[in-house]
Amino acid sequence: MKPASDGEALAVATLIRDMSAANTAVELAGVFVRGAMAAHRLSAGACYWRDASAGALLPLAGGHAPADVLPTLAMDELDNPLVYSLTAAQSRRVERIDTLVDVGEGFERLREKLPQQDALQVTPLFDSSMRAAGVLMVMGEPDAVQGWQVSPSWQLLLQAYGRLLARLQERPRPAKAEPSRPGQRERAGAGRLLAAEFIGGGPAAKSVRNELLRLADSSLSLLLTGETGVGKDHAAWLIHQASSRQGRFVPVNCAAIPKDLIESELFGVVRGAYTGAAQAREGLVAAAHGGTLFLDEIGDMPLDLQGSLLRLLNEKKFRPLGASREQGSDFRLICATHRPLPELVGDGRFREDLYFRIRQQVLHLPPLRERREDIPALAAHILLQFNREHQRNVMGLSERALALLQAHRFPGNVRELRSLVLVAAERAAPGGWIGAHALAELQTAAGERASPGDELELLRTLWGTNNLPEAMTLFERHLLSDRLRRAQGSRRLAAESLGIPKRTLAHKCQNHRLDVEGRTP
């Protein structure tokens with residue numbers, strides 16, 4: 001990093017002097033943004049700050065446009081680079097702003113005020129408590145933005161801005177300012193976490209988020225129900241993270257641990273308890289002290305261990321294997337199952353008293369087919385994570401690809417959606433889009449077979465379309481794919497069943513990328 005020139009150092013010193021004269025955070029931000037733009041000939045800039053409710057980013061100052069014409073940004077726009085920089089507390093660089101797609105309505109309104117092909121740099125700003133509370137956005141030619149980012153003098157400017165802002169925040173507040181209620185900040189933080197980590201803007205997703213927040217600080221046992229793949233383990237982790245508990249989140253998959261080891265895994269072992277126990281080992285119950293114990297697939301817990309668990313819940317005490325004394329553990333219990341526990345109770349495979357003890361509170365997570373409106377947001381979030389982790393730049397999913405996803409029944413729920421999107425992203429060309437044909441091939445390869453319920457859901461989706469050509473294309477692809485499967489890949493038989501020539505079917509298969517022709521002529 002080369003040292004700053006005399007002229008640059010003088011410009012920074014002058015700007016710090018002007019910033020020091022600011023009497024409000026808004027005035028300070030204005031001087032800061034305009035100075036940053038002028039120093040490196042940047043084309044646009046803005047300073048955003050998180051509001052008191054922590055639900056939005058508010059424009060404090062704009063260097064290219066007045067703050068009052070810049071849009072407010074909702075904190076649940078997780079793919080918005082400004083929101084991402086704040087929540088992740090790290091800088092975000094975008095080489096060309098026109099490559100950003102599906103990153104939020106607020107950012108689309110902001111994009112209207114910005115140059116369309118410039119590079120974007122977003123830097124988090126920290127309050128006096130060293131928490132990320134705002135962001136600085138600058139734009140310009142890639143070389144100019146890079147120059148701003150690596151300039152040592154302007155890194156000093158960022159530090160000066162932080163100190164001056166902290167000084168303004170430490171000034172006594174007016175007497176009329178109402179003090180925050182106890183726990184208000186913590187609850188706002190929990191709300192931000194849930195908005196960032198439980199994706200979806202539909203009614204079902206919002207209802208689940210509200211329930212997760214309500215259940216976070218309860219001490220009662222909670223039972224999570226729902227189909228395989230809906231994210232019960234993720235919901236349990238979110239409840240723990242949103243709570244005030246300081247201990248660990250300790251997950252236990254009751255179906256994955258062998259029956260002869262689950263007791264020692266839960267309660268621990270003292271040295272010499274059995275042959276081969278050369279040293280003591282802490283159990284998972286002890287590790288969850290002060291935190292949350294999550295028992296996944298509780299319906300698979302051995303019947304003889306259910307009595308020990310019931311006693312643990314009632315007395316909060318347990319005895320490690322081979323120990324003579326009991327130990328205590330203060331934990332919050334969350335259980336999950338996709339199995340019908342009442343039926344297991346009726347069959348004598350699950351204790352009724354334990355069932356009522358673990359279901360003091362119940363939260364049902366809906367399957368993905370009941371929240372289809374969230375599929376585009378979920379897919380975009382999965383793709384964003386893929387690009388970050390693999391340093392790729394897959395642009396997104398085409399409209400036909402999204403329509404295909406929303407028409408699918410998803411028996412594997414969010415887990416299946418994640419698998420489909422990740423595999424399709426791996427196969428996508430750099431800088432390319434994921435098309436409907438890629439997803440169709442994956443579903444066909446996985447042996448997707450439509451059920452009457454799938455067909456009904458597809459018809460409902462098509463009936464509610466606002467794009468007739470797209471709906472007709474999607475219906476034709478599903479119909480052709482189904483007939484080819486029934487004909488075991490024979491285009492001749494499939495064509496006869498549809499009353500069309502084989503050549504016409506072959507042409508349609510080529511258009512839809514249905515390369516599944518069998519050996520039968």
Side-chain angles (χ1 to χ4, degrees), residues 227-229 366-376 378-379 396-429 432-521:
E227 297 176 6
T228 298
L368 191 54
R369 63 181 174 275
E370 294 180 8
R371 43 184 294 228
R372 294 181 185 275
E373 65 277 5
D374 295 332
I375 289 177
L378 284 165
L397 291 96
S398 70
E399 291 186 7
R400 287 183 59 195
L402 287 175
L404 182 61
L405 288 178
Q406 289 184 296
H408 183 44
R409 190 171 176 79
F410 280 108
N413 293 292
V414 179
R415 186 179 299 154
E416 180 184 356
L417 172 64
R418 178 177 177 80
S419 178
L420 277 174
V421 173
L422 289 180
V423 174
E426 283 279 3
R427 299 181 178 183
W433 293 75
I434 296 175
H437 66 276
L439 296 175
E441 290 172 357
L442 289 172
Q443 290 177 351
T444 301
E448 175 192 343
R449 189 173 298 275
S451 67
D454 293 330
E455 294 169 354
L456 180 60
E457 289 294 336
L458 173 61
L459 288 175
R460 287 174 178 169
T461 300
L462 296 175
W463 192 259
T465 187
N466 59 0
N467 188 326
L468 180 59
E470 179 182 293
M472 294 178 66
T473 299
L474 183 61
F475 176 77
E476 184 176 75
R477 196 205 70 80
H478 272 267
L479 180 60
L480 294 176
S481 179
D482 180 69
R483 291 301 173 90
L484 286 166
R485 278 195 293 267
R486 294 186 184 186
Q488 298 182 342
S490 169
R491 287 183 178 174
R492 179 180 62 81
L493 295 177
E496 290 176 359
S497 73
L498 292 169
I500 60 176
K502 181 184 175 184
R503 179 174 297 179
T504 300
L505 178 66
H507 179 68
K508 290 182 178 293
C509 286
Q510 184 178 9
N511 289 340
H512 291 289
R513 299 289 297 274
L514 294 175
D515 301 323
V516 293
E517 183 173 10
R519 303 301 182 190
T520 308

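Atom set for the values below is all heavy atoms of this structure, side chains included, hydrogens, waters and symmetry mates excluded.
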Checklist outcome for this item: Taking every heavy atom of Gly435 against every heavy atom of Ser398, the minimum-distance pair comes out as CA-OG, 3.7 Å
Checklist outcome for this item: One should read off an interatomic distance between Glu370 CD and Asn413 CG, to the nearest 0.5 angstrom, of 9.5 Å
Item to check | Any side-chain heavy-atom pair of Val421 and Leu378 under 4.5 Å | outcome: no
Checklist entry - Of all heavy-atom pairs between Ile434 and Ala428, which one has the smallest distance, and what is that distance? => result CG1-CB, 4.2 Å
Checklist outcome for this item: Separation between CD1 (Ile375) and CG (Leu368), nearest 0.5 Å, reads 4.5 Å
Item to check | Exercise: identify the closest heavy-atom pair between Leu405 and Ala379 | outcome: CD1-CB, 4.3 Å
Next on the checklist: Within this structure, what is the CG-OG1 distance for the pair Leu404 and Thr473, rounded to the nearest 0.5 Å?
Outcome noted: 12.0 Å
Checklist entry - Between Pro376 and Gln406, which heavy-atom pair has the shortest distance, and what is it? => result CD-NE2, 3.6 Å
Next on the checklist: As an exercise, state the distance from CZ of Arg369 to CZ of Arg409, rounded to the nearest 0.5 Å.
Outcome noted: 4.5 Å
Checklist entry - For the side chain of Arg372 and the backbone of His408, is there at least one donor-acceptor N/O pair under 3.5 Å apart? => result yes
Next on the checklist: Within this structure, what is the CG-CG distance for the pair Asp374 and Leu417, rounded to the nearest 0.5 Å?
Outcome noted: 10.5 Å
Checklist entry - Shortest non-hydrogen contact from Arg371 to Pro366? => result CD-CG, 4.2 Å
Checklist entry - When rounded to the nearest 0.5 angstrom, what is the spacing between OG1 in Thr504 and CG in Leu498? => result 10.5 Å
Checklist entry - Are more than 12 heavy atoms from other residues, nucleotides or ligands located less than 6.0 Å from atom CD of Glu399? => result no
